[in-house]
Chemist: 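Right, I'll just put the structure down here and ask away after.
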Amino acid sequence: MKRVGVVGVGHSKFGKRPDVSLRELAHEAVRESFLDAGLEPKDIEASIFSLAGDQFNGQTNQNVI
Amino acid sequence: MPVIRVESACASGSAAIKTAVGLINAGFHDLMMVIGTEKMCDQSTPIVTELMSRAGDLAWEYPFGVSFPGFYALHASRHMAELGTTRDQLSMVSVKNHKYGYKNPLAHLRKQITLEEAKKSINIVYPLNLYDCSLISDGAAAVILASEEKTKQLTDDPVWIMAIGSGGDYNMVADRPSLTGLIGAQMASRTAYDMAGIKPTDIDVATVHDCFTIAEIMAYEDCGWCEKGEGGKFVEDGRSDIDGDVAVNIDGGLKSKGHPVGATGVSMGVELTKQLRGKADQGRQRADAKIAMSHNVGQSGQFVHCIVYQR
């Protein structure tokens, strides 16, 4: 395969997080990755959303950016 | 913005990264974000355990009460019976991972434990104790990926995804010829090494899918860092510690950092990028890390991806 660059990374605090919704939790990681890369939401062309269990809190999919 | 959702149980995050890499290399996009997230603590532990066990076969596994601790207890029992792995060696994985999770401010359970505490923790499913099991967590991780040309425009010093190897296995554990390793992980790691043109010994730092301590011991063997049956000795001799042959799970792993399933594969990519940039937290940076690999297992070995990162 042709190599692909990792140009920004972000990570929320892991743990029991009753203080945030799923969307807010994702936002913590997304925001940090933008700051790390020096990019803005409009720069991103498309996103892939990884969520394993609809059943854990009912949310099935969302566009976080 | 276009969004695609990817789901492959506990390997969803790595499947999502692979999907993005494929789309970028197919020319669909030059700059993409992969977001992994899961919020599991809204439910009680028995409910989460029950929901996750539905990944097992609904006719022949789930109705008989086989949960994930049950699947990995089968692996641990066979590894101990056939290869001589000891109960203490299982606990040594847990002690190591908690040692580094304690140094990771983003980890779920930041607590150092002793070998005695790990050994004496309550039994969950023989031979696995509480401290052999990973955590049910809330969490999220994100990576921004770019084509080679776009990457060069954005930064002078990127981390590269060099290779992705994947593997699978029979859906039902009872159909598999052996329980002492994961065929999917052997397939995934070999493919990744071949694609990157490297050897197992070239990996400086790795994140492996330690959903249970036995899973990390099997990963050492499946990824070719030691021979079959030497996995227990590998951790006992410190060869997977921060200054060992390969530094494994020095972010705390699923055991201490936590395991919000959809986020885990992406979290592995974030951690390895930090390690390769030399920007991991104090006390948990692998010295001079140049090549890294993640090993992410979904279901009970049906979905496996190994991703090679290089600076």
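Convention: sequence-line order gives letters A, B, ...; per-chain numbering from 1. Nothing here was measured: the structure is a model prediction, and the numbers come from that model.
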Chemist: Just so I understand: if I count every heavy-atom pair under 4.5 Å between each of V21(B), T264(B), I17(B) and chain A, which residue has the most?
Modeler: V21(B)
Chemist: Out of curiosity, I24(B) CD1 to R3(A) CZ, how far, rounded to the nearest 0.5 Å?
Modeler: 14.0 Å
Chemist: Run the numbers on K16(A) and H108(B) for side-chain contact (heavy atoms from CB on, under 4.5 Å), then give the verdict.
Modeler: CA-CA 7 Å; K16(A) 285 187 165 55; H108(B) 182 167; 4.2 Å; yes
Chemist: Taking all heavy atoms of F56(A) and all of D42(B), pick out the closest pair and write down the distance.
Modeler: O-CB, 4.3 Å
Chemist: Chain A heavy atoms under 4.5 Å from A9(B): which part of the residue, side chain, backbone, both or neither?
Modeler: backbone
Chemist: Between V143(B), V270(B), L276(B), who has the most heavy-atom pairs with chain A when the cutoff is under 4.5 Å?
Modeler: V270(B)
Chemist: Of the backbone (N, CA, C, O) and the side chain (C-beta and beyond), which part of S267(B) lies under 4.5 Å from a heavy atom of chain A, both, or neither?
Modeler: both
Chemist: Given the rule in the side-chain contact (heavy atoms from CB on, under 4.5 Å) test, do E148(B) and V4(A) qualify, once you have shown the distances and angles that lead to the verdict?
Modeler: CA-CA 6 Å; E148(B) 181 160 354; V4(A) 163; over 6 Å; no
Chemist: Using non-hydrogen atoms and a 4.5 Å limit, figure out which bit of N104(B) sits close to chain A: side chain, backbone, both or neither.
Modeler: neither
Chemist: Taking I48(A) as the fixed residue, which of V3(B), V6(B), V266(B) is the one that meets the side-chain contact (heavy atoms from CB on, under 4.5 Å) rule?
Modeler: V6(B)
Chemist: Of all the heavy-atom pairs spanning S50(A) and G13(B), show the shortest one and how long it is.
Modeler: OG-N, 3.2 Å
Chemist: So which part of R110(B) gets closer than 4.5 Å to some heavy atom of chain A, the side chain, the backbone, both or neither?
Modeler: side chain
Chemist: Heavy-atom pairs under 4.5 Å with chain A - which of G298(B), C41(B), A263(B) has more of them than the others?
Modeler: C41(B)
Chemist: I need the minimum non-hydrogen distance between M1(A) and I164(B), along with the two atoms involved.
Modeler: SD-N, 3.9 Å
Chemist: Looking at every non-hydrogen atom in both residues, tell me the closest pair between V261(B) and A52(A) and how far apart they are.
Modeler: CG2-CB, 3.6 Å
Chemist: Tell me if the OH atom of Y62(B) is crowded by more than 12 foreign heavy atoms within 6.0 Å.
Modeler: yes
Chemist: Non-hydrogen atoms of chain B under 4.5 Å away: do they reach the side chain of D43(A), the backbone, both or neither?
Modeler: both
Chemist: Heavy-atom distance under 4.5 Å to chain A: side chain of K152(B), backbone, both or neither?
Modeler: side chain
Chemist: Check step by step if side-chain contact (heavy atoms from CB on, under 4.5 Å) holds for R277(B) and V9(A).
Modeler: CA-CA 11 Å; R277(B) 287 173 174 175; V9(A) 296; 3.8 Å; yes
Chemist: Identify which of V20(A), D36(A), I44(A), L39(A) forms the greatest number of heavy-atom pairs closer than 4.5 Å to chain B.
Modeler: I44(A)
Chemist: Taking S12(A) for the side chain and A140(B) for the main chain, is one N or O donor matched with an acceptor at less than 3.5 Å?
Modeler: yes
Chemist: What residue, out of G22(B), G258(B), A55(B), has the most heavy-atom pairs lying under 4.5 Å from chain A?
Modeler: G258(B)
Chemist: Check this for me: does any side-chain nitrogen of one of E149(B) and K2(A) sit under 4.0 Å from a carboxylate oxygen of the other?
Modeler: yes
Chemist: Report the distance from atom OG1 of T37(B) to atom CD of E24(A), rounding to the nearest 0.5 Å.
Modeler: 11.5 Å
Chemist: Measuring heavy-atom distances to chain A, does L154(B) have an atom under 4.5 Å in its side chain, in its backbone, in both, or in neither?
Modeler: side chain
Chemist: Counting distance only, does the side-chain N/O of S33(A) pair as donor-acceptor with the main-chain N or O of A142(B) below 3.5 Å?
Modeler: no
Chemist: Check whether more than 12 heavy atoms from other residues, nucleotides or ligands sit under 6.0 Å from atom CZ of R190(B), and answer yes or no.
Modeler: yes
Chemist: Tell me, out of L31(B), T155(B), T19(B), who's got the most heavy-atom pairs with chain A below 4.5 Å.
Modeler: L31(B)
Chemist: Report yes if some heavy atom in the side chain of V6(A) is under 4.5 Å from a heavy atom in the side chain of Y309(B); otherwise report no.
Modeler: yes
Chemist: Where on M195(B) is there a heavy atom nearer than 4.5 Å to chain A: the side chain, the backbone, both, or neither?
Modeler: side chain
Chemist: Rounded to the nearest 0.5 Å, what's the gap from CZ on F14(A) to CG on L109(B)? Could you check?
Modeler: 14.0 Å
Chemist: Within the distance-only criterion (no hydrogens, no angle test), does the side chain of E38(B) pair as donor or acceptor with the backbone N or O of G53(A) below 3.5 angstrom?
Modeler: yes
Chemist: Taking all atoms of both residues into account, what is the closest heavy-atom pair of M1(B) and A46(A), and its distance?
Modeler: CG-CA, 3.8 Å
Chemist: So for E45(A), is it side chain, backbone, both, or neither that comes closer than 4.5 Å to the heavy atoms of chain B?
Modeler: both
Chemist: Checking A107(B) against chain A: side chain, backbone, both or neither under 4.5 Å from a heavy atom?
Modeler: backbone
Chemist: Using a 4.5 angstrom heavy-atom cutoff, name the option from T151(B), V48(B), L106(B), D157(B) with the most pairs to chain A.
Modeler: L106(B)
Chemist: Can you measure from CD (Q55(A)) to CE (M52(B)) and round to the nearest 0.5 angstrom?
Modeler: 9.0 Å
Chemist: Look only at the side chain of R5(B) and the backbone of L51(A), and say whether a donor-acceptor pair between them is shorter than 3.5 Å.
Modeler: yes
Chemist: Using heavy-atom distances under 4.5 Å, tell me whether A26(A) contacts chain B through its side chain, its backbone, both, or neither.
Modeler: both
Chemist: Could you tell me which non-hydrogen atom of A37(A) sits nearest to which non-hydrogen atom of I144(B), and how far apart they are?
Modeler: CB-CD1, 3.9 Å
